[in-house]
Amino acid sequence: MQKNNPKIINAWCMYDWANSVHALVIVSSIFPVYFSAAAMNASAGTGIVNFFGLAVKSSVLFSYTVSASFLFTALLIPVCTAIADFTGHKKRFMQFFCYLGAISCMLLFFFTKDTLNISVLIFALSLIGWSGSIVFYDSYLPEIVTEENFDRVSARGFSMGYLGSVILLLFNLSMVLAPSFYGISDRAMPARISFFTVGVWWILFAQIPFHYLPSNNQGKKPVMNWLFNGFSELGKVYAELRKQPYLAKFLLAFFVYTMGLRTVMYVATIFGATELKLPSQSLIITVLLIQLVGIAGSYLFAWISSRIGNIYALMIGVAIWIFICAGAYYTTEASEFYLIACAVGMVMGGIQSLSRATYSKLIPENTIDTASFFSFYDVTEKFAIMIGTFIYGAVEQVTGSMRNSILALLFIFVIGLILLSRIPSQKVYRFGLQTKVN
């Protein structure tokens with residue numbers, strides 16, 4: 001496949017446009033607010049829900065659901081990516097997880113206080129579908145562009161995702177704030193319709209990358225005994241990973257700082273609703289603010305990396321996260337929460353985009369096993385989310401305060417910053433590796 005083809009790049013970026021509505025509407029804004037309200041109604045105002053016979057605080061249940069979903073994904077994805085690389089059917093796996101996640105979002109339309117338990121499981125399936133499709137989507141990056149364009153194209157994808165998700169959120173927000181304009185009298189209906197629109201949007205715009213991205217990665221021919229050989233393929237990739245001088249160090253640092261970064265993504269709205277008692281409209285507008293600032297942040301960190309190298313740019317982002325956590329710990333007013341949200345938006349997209357681009361630079365050049373290589377990246381991320389959200393929920397459960405959970409995240413970011421400092425900062429790593437050898 002010809003690299004740096006504008007049509008292919010545009011199609012690839014459109015999957016960010018398609019799937020990011022899940023991260024914004026389902027994970028970060030409308031769903032957490034609706035979940036808190038439904039759980040409060042189901043618990044008769046106590047906040048303690050009965051989840052299949054287990055009495056648990058609703059905010060802790062939310063954290064644990066995210067944690068369990070990503071644990072399952074982390075165990076499943078390496079097998080799927082190895083099989084996809086060996087058989088050449090990477091796009092089919094991407095489609096399967098996409099449709100699983102999108103249909104699950106549509107089923108959340110039926111979420112009420114009486115269907116809380118089953119809706120929590122459907123929410124978990126949406127997370128599995130979303131995270132499962134992302135690993136195959138990310139693995140296309142080194143196949144469609146050359147290394148000097150990794151940072152820019154990765155940032156463009158994240159920016160497209162931010163922009164697309166903001167457009168849908170604005171429509172959904174208009175329903176939440178002015179339901180009578182749409183002829184809706186049920187106060188819960190706008191949120192439920194929002195969940196359904198996420199699934200429709202996701203499936204609709206995913207057809208663009210599904211049409212243009214190659215069906216058979218690297219022209220591989222499907223073979224018999226694909227399951228056994230899939231495991232063998234994964235073993236080969238693991239052996240290759242151990243030979244890369246900086247890859248293991250980067251994955252460890254990425255694992256640690258991602259524990260903090262992605263946990264904030266999943267619990268920020270719950271923190272605002274539970275700890276600061278902010279109204280639903282304020283929380284959703286805050287998340288919208290994060291998305292808009294995130295567009296600029298993605299390009300800003302791509303520019304910083306072009307000047308001082310990827311690792312130094314990441315270190316700047318992680319250092320900012322340390323100050324964000326410190327500020328969040330002392331936040332008591334809505335205005336302070338909005339300032340923190342602006343800072344979060346500036347670094348969240350930038351670090352995620354730059355992390356994906358940095359990993360693409362560190363894997364072996366012209367490898368045909370991109371899905372398997374990115375499965376290690378994805379599994380690292382999923383285990384980080386699983387452990388991070390579990391730590392956040394466990395600290396709150398033990399101490400009774402989310403603010404103590406924020407301190408735990410601050411400590412995690414400090415460790416991530418130290419681990420990043422062990423890696424040299426370069427703009428183009430293959431040139432740097434060759435220089436070192438010569």
Side-chain angles (χ1 to χ4, degrees), residues 27-29 31-71 113 116-117 119-121 123-124 127 256-280 282-284 286-287 321-341 343-344 383-416:
V27 172
S28 302
S29 60
F31 181 81
V33 173
Y34 183 87
F35 175 87
S36 297
M40 191 62 67
N41 290 334
S43 65
T46 64
I48 306 297
V49 297
N50 186 318
F51 183 67
F52 293 107
L54 177 66
V56 59
K57 192 176 179 181
S58 61
S59 58
V60 174
L61 175 61
F62 187 91
S63 297
Y64 284 175
T65 301
V66 174
S67 180
S69 300
F70 285 110
L71 172 61
K113 67 174 184 177
L116 176 66
N117 287 352
S119 296
V120 168
L121 297 180
F123 169 57
L127 289 170
V256 173
Y257 70 71
T258 297
M259 272 198 289
L261 186 152
R262 296 302 293 272
T263 298
V264 171
M265 221 175 129
Y266 288 102
V267 302
T269 305
I270 297 291
F271 176 83
T274 305
E275 195 74 20
L276 302 181
K277 310 299 183 184
L278 296 179
S280 301
S282 297
L283 292 170
I284 296 172
T286 300
V287 174
W321 270 110
I322 294 173
F323 287 103
I324 288 174
C325 289
Y329 179 80
Y330 292 104
T331 295
T332 57
E333 303 293 334
S335 58
E336 297 170 345
F337 188 70
Y338 296 148
L339 289 175
I340 293 293
V344 168
F383 271 116
I385 297 171
M386 183 268 294
I387 295 175
T389 52
F390 179 83
I391 290 174
Y392 190 94
V395 170
E396 181 193 359
Q397 188 173 30
V398 172
T399 66
S401 173
M402 285 189 182
R403 295 185 186 274
N404 293 325
S405 299
I406 294 293
L407 286 181
L409 297 183
L410 187 152
F411 180 70
I412 287 172
F413 280 120
V414 170
I415 297 176

Quiz item: Going by the side chain to side chain donor-acceptor pair (under 3.5 Å) test, which pairs reach into residues 404-413, not counting sequence neighbours?
Solution: Thr399-Asn404
Quiz item: Going by the side chain to side chain donor-acceptor pair (under 3.5 Å) test, which pairs reach into residues 60-71, not counting sequence neighbours?
Solution: Tyr64-Gln397
Practice problem: Return the minimal non-hydrogen interatomic distance between Ala55 and Ile48, and the atom names on each side. | Solution: CB-CG2, 4.0 Å
Practice problem: Could you pull out the closest heavy-atom pair between Lys113 and Ala38, with the gap in Å? | Solution: CB-O, 3.8 Å
Nearest 0.5 angstrom please: [X] [atom1] to [Y] [atom2], how far?
X	Y	atom1	atom2	result
Leu54	Leu61	CG	CG	8.5 Å
Leu409	Ile322	CG	CD1	12.0 Å
Trp321	Leu261	CH2	CG	4.5 Å
Met259	Phe383	CE	CZ	12.5 Å

Quiz item: By side chain to side chain contact (heavy atoms under 4.5 Å, CB included), which residues pair with Ser58, not counting sequence neighbours?
Solution: Phe35, Ala39, Val49
Side-chain donor/acceptor pairs under 3.5 Å, residues 323-336, sequence neighbours excluded:
from, atom 1, to, atom 2, distance (Å)
Thr331, OG1, Gly327, O, 2.7
Glu336, OE1, Thr332, N, 2.8
Glu336, OE1, Glu333, N, 3.2

Exercise. Look at the rings of Phe62 and Phe31 and say which category their plane angle falls in: under 30° parallel, 30 to 60° tilted, over 60° perpendicular.
Key: tilted
Side-chain donor-acceptor pairs of residues 385-394 under 3.5 Å, sequence neighbours excluded:
from, atom 1, to, atom 2, distance (Å)
Thr389, OG1, Ile385, O, 2.7
Thr389, OG1, Met386, O, 3.2

Practice problem: Check whether any side-chain heavy atom of Tyr257 sits under 4.5 Å from a side-chain heavy atom of Ile412, and report yes or no. | Solution: no
Practice problem: Would you mind listing every salt bridge (charged side-chain N to carboxylate O under 4.0 Å, His left out) that reaches into residues 385-399, with sequence neighbours excluded? | Solution: Lys57-Glu396
